[in-house]
Amino acid sequence: MSEKKGLARAAEIYAKSEQYARELKNQGKKIAGYYCCYVPLEMLAAVDYVPVRILGDMNENITSADTYLPTVMCFFYRSCLDLAMKGKYDYLDAFFGAHSCDGAERVSYVWRSYLKYACNFNIDIPHTVHPPAIEYFKNQLEAMKETIEEKTGQKISDERLAAAITLYNKQRGLVRELYALRKADPPPISGTEVLQVLVAIMYMPPEEGNALLAEILEEVKNRPVTAQKKPRLLITGCLIDNISFTKLIEDSGFNVVMDDTAIGSRSFGHDVAVTGDPLGSLAERYLDKIVCPRTFRETGKNRAEDLENRFGYLRKFVEDWKADGVYLNIIRNCDPHGYEIPELKYYFEEMVNVPVLAIEQDYSTASLEPLRTRFQAFAENIE
Amino acid sequence: MFYRAGLDIGSSLAKAVILKDDEIMAYGIAPISGNFSRAADQVMQETLEKSGLRLEQLDIIGGTGLGASFIPYRFVKNTEVSCQSRGVHYLLPTARIVIEIGYQASRVIKITENGKVADCVVNDRCAAGSGRILQVISKVLQVPLTELGNMSLKSTNPVRFTTGCSVFAETEAISRIAEGAKVEDIIAGLHQAISLKISGMLEKIKLDGECAITGGGGKDAGLVKMLEKTLQKEMLLPAEPLISGAIGAVLMATEKTQEFEAAAKQEE
Amino acid sequence: MEEKKAKKRTSAKTLQTAREAGYFGKKMLANTRTAVEEGRPVAWSMVDWWLGVPICKAMGVEMVFPENWSAFCAASRTAEPNLEYSEMDGFPNTLCGYARNTLGYARKLKDNNYVIPPDSPGGGLPKPNFLLGCGAVCDARYKWFQAMGRYMDVPVWMLEFPQVGYKEYYLPGNKEKTIKFLVDELKAFVAFLENLLNKKLDMNKLSELVQIMFQTNKIAHEVDLLRKAVPSPMVSQDFWAVMTAHFYLADDLEAQAFYQRVYDEVKHRVDNKIGAIPNEKYRMLFAELPPWHTLGFFDEMAEKHGIAFVFESWNYHVPSPLTAEERHGISDPLELLARFSYHKFHEMAPVAREHDIDPIIFVAPYLNYVKEYRGDGLMGHPLLSCRPATYTLMHVRNLLMEKFKVPSVIVEGDIIDLRVFNEEEAYTKMDAFIETMDYHRELRKKAGLDW
Amino acid sequence: MIFAGLDIGSTITKIVIRDENEILAALINPTGAQHRQLAHKITEAALKKANLTIDQIDYLIVTGYGRVNVPFADRQMSEITCHMRGINWLFPNVRTIIDIGGQDSKGIKVVNGKMRNFIMNDKCAAGTGRFLEVIADSLGLKIEEIGEIALRSTHPADISKICTVFAEQEVLLRLSEGVPLEDILYGLHLSMAKRIHALVGKIGIEKDVVVTGGGALNNGLFKCLEERIGFPLHRPAKPLLTGALGASILAQEYVKKAQAEGSLPDKKERKLRAVTFFDGDSAETEVAKGSG
Ligand SMILES: Nc1ncnc2c1ncn2[C@@H]1O[C@H](COP(=O)(O)OP(=O)(O)O)[C@@H](O)[C@H]1O
Ligand SMILES: Nc1ncnc2c1ncn2[C@@H]1O[C@H](COP(=O)(O)OP(=O)(O)O)[C@@H](O)[C@H]1O
Ligand code: SF4
Ligand code: SF4
Ligand code: SF4
């Protein structure tokens with residue numbers, strides 16, 4: 001790939017992520033594919049795997065996956081498996097699935113029933129954050145560690161793990177710094193650009209990703225602001241991994257300023273504590289700190305309290321990033337997010353006092369255009 | 001001499017075929033035009049005429065299709081999937097996969113070496129991927145159905161449709177034209193949309209062995225080419241793709257009659 | 001709505017005992033209503049494969065199962081208004097039909113100041129003291145109950161239920177650590193209950209219930225074993241009727257006695273080679289959840305084609321009893337429960353390992369059943385509104401074909417929503433499928449498979 | 001000041017020209033294949049009727065499915081906002097709007113004149129105006145008459161197929177079976193009303209409910225909807241025009257707001273140009289004949 005810098009480089013890696021990963025592989029790197037934000041990347045980086053986030057492709061018609069999966073399941077993971085069956089992930093040396101939601105779990109099992117990799121582990125993630133659950137999750141990570149050590153012949157020593165933790169904490173910190181810049185009105189970086197950056201670093205070795213992030217921070221701070229003031233939008237819900245989507249939203253009259261999604265703040269929100277028990281810290285951060293509807297939190301004494309417990313962080317997002325509206329993104333057939341639609345709407349509309357647009361979408365660029373009217377109407381309503 | 005007839009009263013066309021022993025003597029095709037029994041009768045009379053037979057000379061009549069229950073004679077009724085598999089097997093014995101593209105429904109059938117159904121995928125709730133859109137678009141663009149294929153083959157840049165719905169595809173095609181898209185690209189785009197839908201169905205049963213196209217879609221050279229391109233496989237094509245169902249209806253009816261007679265004999 | 005003619009069961013020989021089964025569903029519902037009148041606690045619970053329910057029972061809590069009640073609503077075709085209610089509140093209609101049915105009902109209950117609305121199916125469910133969700137198998141099992149907070153304002157507890165792939169299952173130490181986790185979680189649950197209900201759990205009482213439960217499940221397992229007989233002594237239609245007794249009321253002595261009678265009747269049939277359907281020509285398996293609103297379909301298939309549905313969804317079936325070895329030296333009833341439920345989910349790990357496939361649940365059981373029950377085909381019933389029981393159907397279908405040359409027919413439908421089950425279409429598909437089964441029987445013969 | 005709202009729907013194009021107090025001209029015409037060309041023609045015709053010239057329009061908002069391609073409009077707005085504004089102006093008490101258009105059906109929830117929630121069906125033709133158009137077409141009937149015919153039914157037939165294409169065939173089957181036309185049509189309207197009810201039900205139906213869009217002109221459908229929903233519904237006298245009306249009101253509000261802030265809104269160059277799309281264009285539409 002060319003020698004572009006900063007945002008331009010991020011945009012390029014985003015656009016050619018597969019090619020980029022294959023080039024890394026040709027340079028002799030080992031590539032580990034992983035599902036969702038619950039797989040501790042530190043453990044992969046500790047044996048010099050380049051962790052690559054498994055993504056779908058909204059541009060690609062889902063065909064091959066239909067042999068293995070029914071049409072009623074989450075379109076995102078259907079798309080991921082479809083790509084895999086078409087050979088687009090055949091460069092992987094290792095594969096890490098996770099029981100983040102049922103869809104993810106079943107797909108990773110189906111996946112590995114047909115495609116075999118040198119190293120393979122599925123993490124069962126408990127659904128609560130009770131102390132025994134964190135202990136259980138730590139046991140799972142222990143088992144994952146043993147599997148990796150056995151398959152790669154390398155030891156994941158506490159030192160290597162600690163170094164990897166530092167590296168990723170750095171990365172998360174840099175991303176948060178970038179997010180903080182978006183508090184300005186108008187934001188100096190668009191939602192589309194941010195998405196390109198995040199996807200790019202999810203394909204890069206962490207050191208390189210960090211270097212690129214630093215470069216980008218400088219660039220964004222120093223370039224003239226060209227964006228117009230527009231209603232400010234917080235996106236929450238299912239992940240968005242394609243810029244056609246963010247473009248559509250921003251073209252319809254919004255500035256996307258903050259998100260609560262898996263390719264976004266959920267992946268970069270919290271650091272891993274540096275302690276003498278790295279696995280324990282990892283378990284804590286990944287199970288407890290990531291806030292995702294797939295994890296059950298105690299419901300508390302009454303409903304208002306429960307809602308504030310569960311969604312309070314979103315209120316802070318709205319306040320800190322001065323969001324004028326919330327887009328609740330639901331990929332069709334997503335259960336964890338689907339069950340929360342009424343609660344979230346109620347929370348934002350009645351308790352935080354900010355309007356919400358909820359859309360169930362099909363994870364396909366072909367069906368994006370009809371959504372334009374909805375975003376436009378939503379923007380017009382906020383003005 | 002053994003005369004048998006099969007009728008396939010589909011959703012847009014009525015098809016009839018008469019076999020003399022195991023040879024096709026004559027066949028006919030007539031539009032339904034909103035009246036199933038009239039179409040059935042018309043196509044039957046036409047075919048009888050061609051074969052020089054009278055109705056009474058027929059030993060067995062088999063029927064199938066959406067409107068089969070309107071066939072105004074005594075006949076043996078059969079399911080469409082089985083009829084297609086028998087019919088295609090009769091015409092193209094090496095085929096193991098049948099892609100049938102009809103007016104409202106498309107089907108993919110896997111057949112055994114003796115023409116029985118080994119598996120099938122049917123698109124029966126949503127008409128996306130069926131042949132109806134071709135008929136509609138030919139009317140809208142004033143391109144005869146028979147010309148669609150040639151037009152499509154000229155296209156270099158098929159339009160990508162954003163809708164799957166076979167009704168909205170019409171509206172979308174029209175607005176694409178308004179935006180300046182070429183007619184051949186629109187038609188090729190529709191062919192592509194149908195092909196993708198079919199290839200999705202095929203994924204469910206795996207494409208191995210020779211593959212035949214039948215039903216009205218088989219008449220459309222552009223669609224056939226596009227399917228070959230999408231599936232990366234050459235297709236077998238019956239000389240007359242419309243009548244395989246009717247042939248199957250004869251064969252199935254014969255099977256059933258024989259079974260019935262055998263059972264009757266046993267009881268005696 | 002189209003009213004299908006109720007088909008008379010003419011030829012299928014329904015079990016005598018199956019006709020008594022309806023009593024148990026009603027008993028469960030009535031028990032909770034009496035409990036409320038008497039001021040005793042009530043809970044709505046997810047199916048949790050016998051993990052937390054006996055504990056609640058030992059604490060004097062009456063349990064009802066919204067899944068079971070929703071199936072009842074579907075069968076009596078009374079679910080539709082509830083579905084509409086839940087959609088109106090913004091729940092997507094792709095969510096679990098059982099969930100939408102009870103969410104709609106819960107809203108009505110709330111609107112009615114928690115007095116059961118008079119027209120409620122089966123007499124309705126009373127307002128619970130708490131909700132018991134479960135993490136096994138399905139996200140809806142806890143998201144649904146969490147969402148119910150909208151209407152109920154009562155605490156929700158979530159039982160953990162680890163489920164791992166076969167490779168992970170066989171990692172050294174994994175199983176015992178997991179059991180320990182389950183026990184710890186159950187202890188936390190007990191603490192929650194004790195705190196909520198303000199009383200102590202009586203361990204002896206619990207032990208007693210666990211023993212009853214094990215015994216009921218043992219009988220149920222033996223009935224399952226009997227069903228391997230040719231001709232099949234009992235078909236799915238009957239199983240779905242009698243299942244309530246072991247699945248939901250395993251700790252109930254009356255239900256146990258009933259299941260014993262079921263066993264006796266099935267045994268009698270096997271001994272005398274009496275088939276459940278008159279002319280068994282094909283033996284089919286069914287996966288996963290049935291169209292509760294149109295069970296008559298199966299009788300029709302039996303009559304028309306001689307199809308006996310000989311075995312069905314793994315999840316309704318009990319596992320084999322825990323071995324003496326596994327139980328050895330364990331007196332803590334919590335640990336026994338943990339082991340039993342874990343056993344239910346991982347019992348088929350050897351099958352998964354043999355074929356190098358995953359997941360264990362939902363897939364491996366069918367690879368086992370198809371041989372044991374000599375299945376000629378599988379009817380897969382992908383549900384519009386339940387993904388957990390649908391995710392793996394295509395996978396199962398591929399595997400049955402690849403490993404055993406057993407074909408599957410896929411008929412789309414739903415557990416609740418009768419609008420999406422097209423009977424006509426289902427009949428057509430089955431007609432064509434008969435040929436498919438004939439053909440594969442020959443293939444199996446050629447391949448040296450013995451059925 | 002003069003304001004205009006132009007609504008280029010998937011099926012029908014509408015325009016409303018008003019001054020601050022009253023409607024000066026309103027026209028309705030089929031959209032056909034050429035949005036842009038028609039846009040300028042219908043605008044011309046409406047101007048003529050109002051005795052105005054194009055540069056006398058102070059602000060023009062375009063909305064509807066074909067809104068993206070109108071070079072002389074000052075601003076585009078979504079049809080959701082425009083319909084809502086138009087209806088809200090006619091029916092200040094409205095809480096729920098049901099808009100049945102050619103390409104989609106919508107439900108809009110209104111609270112204090114603001115959109116609170118909305119829902120749309122635009123993936124599948126079943127449940128939209130297209131559904132009835134296709135059926136009417138295959139029966140050789142006019143879209144205007146099928147609703148009335150349906151109302152003559154005494155025993156509505158059950159139409160089980162949802163898909164437009166499958167329903168079209170089912171209708172033919174039923175006809176062949178000898179089921180009377182009016183019963184079949186009633187069944188179709190009922191099934192469509194069911195779908196729309198289910199769609200709008202998702203955002204909660206609260207009184208007052210106003211039905212608008214071309215579908216509201218269909219008495220059969222309107223009655224079926226009332227039956228399904230269970231209480232009387234309202235509809236404007238000219239349901240086709242509410243989008244264009246709303247657009248013209250929004251135009252006025254927009255200008256007023258800008259003036260209050262001491263600025264003038266950006267205006268596009270006002271030149272009506274014909275844009276040709278393809279040669280041999282035979283589908284020349286006659287402008288200015290509808291009334292609505
Ligand atoms: N010559 C042709 N070229 C292209 N398409 C054709 C031709 N003849 C028929 N068709 C298509 O085939 C369809 C009818 O196919 P058929 O298999 O008879 O369906 P059915 O059995 O449902 O009536 C028509 O709707 C039309 O779209
Ligand atoms: N006189 C009428 N009677 C019944 N239906 C009508 C009539 N006029 C138009 N329609 C229906 O209205 C639809 C168009 O409505 P409209 O609101 O203009 O939609 P759009 O804005 O998408 O063009 C047509 O599809 C047709 O079904
Ligand atoms: S979109 Fe929902 S169902 Fe899909 S992977 Fe994400 S959480 Fe799971
Ligand atoms: S999308 Fe179109 S083709 Fe499909 S069901 Fe709807 S109307 Fe029919
Ligand atoms: S398994 Fe299916 S039916 Fe059961 S609760 Fe989950 S989604 Fe509902």
Side-chain angles (χ1 to χ4, degrees), chain B residues 9-12 14 31-41 65-72 102-106 122-133 135-136 139-142 162-183 186, chain D residues 8-11 30-39 65-66 68-69 101-104 121-135 137-140 160-178 181 275-283:
Chain B
I9 312 304
S11 48
S12 83
I32 301 282
S33 310
N35 191 326
F36 292 92
S37 36
R38 199 183 55 208
D41 195 37
L66 179 79
S69 43
F70 294 101
I71 296 173
Y103 176 81
Q104 70 172 22
S106 304
V122 189
N123 143 15
D124 37 20
R125 289 226 174 82
C126 169
S130 71
R132 174 188 188 270
I133 185 64
Q135 195 162 324
V136 172
K139 215 168 13 173
V140 172
L141 301 180
Q142 299 183 349
T162 64
T163 175
C165 176
S166 99
V167 177
F168 284 157
E170 176 193 348
T171 336
E172 191 174 347
I174 295 171
S175 43
R176 288 309 177 79
I177 297 258
E179 286 160 17
K182 292 198 192 122
V183 174
I186 298 277
Chain D
I8 307 192
S10 62
T11 320
T31 297
Q34 305 93 22
H35 307 137
R36 287 175 279 189
Q37 187 172 19
L38 188 64
Y65 180 77
V68 279
N69 288 319
Q103 186 93 356
D104 54 35
N121 156 33
D122 54 12
K123 280 235 175 57
C124 166
T128 70
R130 269 313 269 157
F131 178 78
L132 292 178
E133 275 182 66
V134 167
I135 303 278
D137 201 42
S138 77
L139 292 172
S160 64
K161 300 282 192 252
I162 290 169
C163 173
T164 315
V165 179
F166 284 78
E168 186 189 350
Q169 301 304 318
E170 192 176 2
V171 166
L172 296 182
L173 280 178
R174 289 300 158 86
L175 274 179
S176 302
E177 281 164 11
L181 180 65
V275 194
T276 358
F277 295 93
F278 53 94
D279 301 327
D281 169 13
S282 58

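Residue numbering restarts at 1 for every chain, and letters A, B, ... go by the order of the sequence lines. Reckoned from all heavy atoms, side chains included, excluding hydrogens, waters and symmetry mates.
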message = Taking every non-hydrogen pair under 4.5 Å, which of B:I32, B:V183, B:T171, B:N35 racks up the most with chain D?
response = B:T171

message = On a heavy-atom basis, which atom in B:C126 and which in D:F166 lie closest, and how many Å separate them?
response = C-CE1, 3.8 Å

key: Nearest heavy-atom neighbours spanning D:S176 and B:G34   = OG-O, 3.9 Å

remark   = Between the OG atom in B:S11 and the CD atom in D:E168, the distance rounded to the nearest 0.5 Å is 9.0 Å

message = Heavy-atom pairs under 4.5 Å with chain B: which of D:S138, D:G102, D:C124 has the most?
response = D:C124

B:Q104 side, atom CD; D:K161 side, atom NZ - distance, nearest 0.5 Å = 7.5 Å

ask   = Which distance, rounded to the nearest 0.5 Å, do you find between the CZ of B:F36 and the CD of D:E177?
value = 9.5 Å

ask   = Checking heavy atoms, do the side chain of B:F70, its backbone, both or neither come under 4.5 Å from chain D?
value = side chain

query = Do you know the tightest heavy-atom contact between D:Q103 and B:F168?
reply = O-CZ, 3.1 Å

remark   = Closest non-hydrogen atoms of B:T163 and D:K123, given as atom of the first, atom of the second and distance, are OG1-O, 4.2 Å

ask   = Does any heavy atom of chain B fall under 4.5 Å from the side chain of D:L173, the backbone, both, or neither of them?
value = both

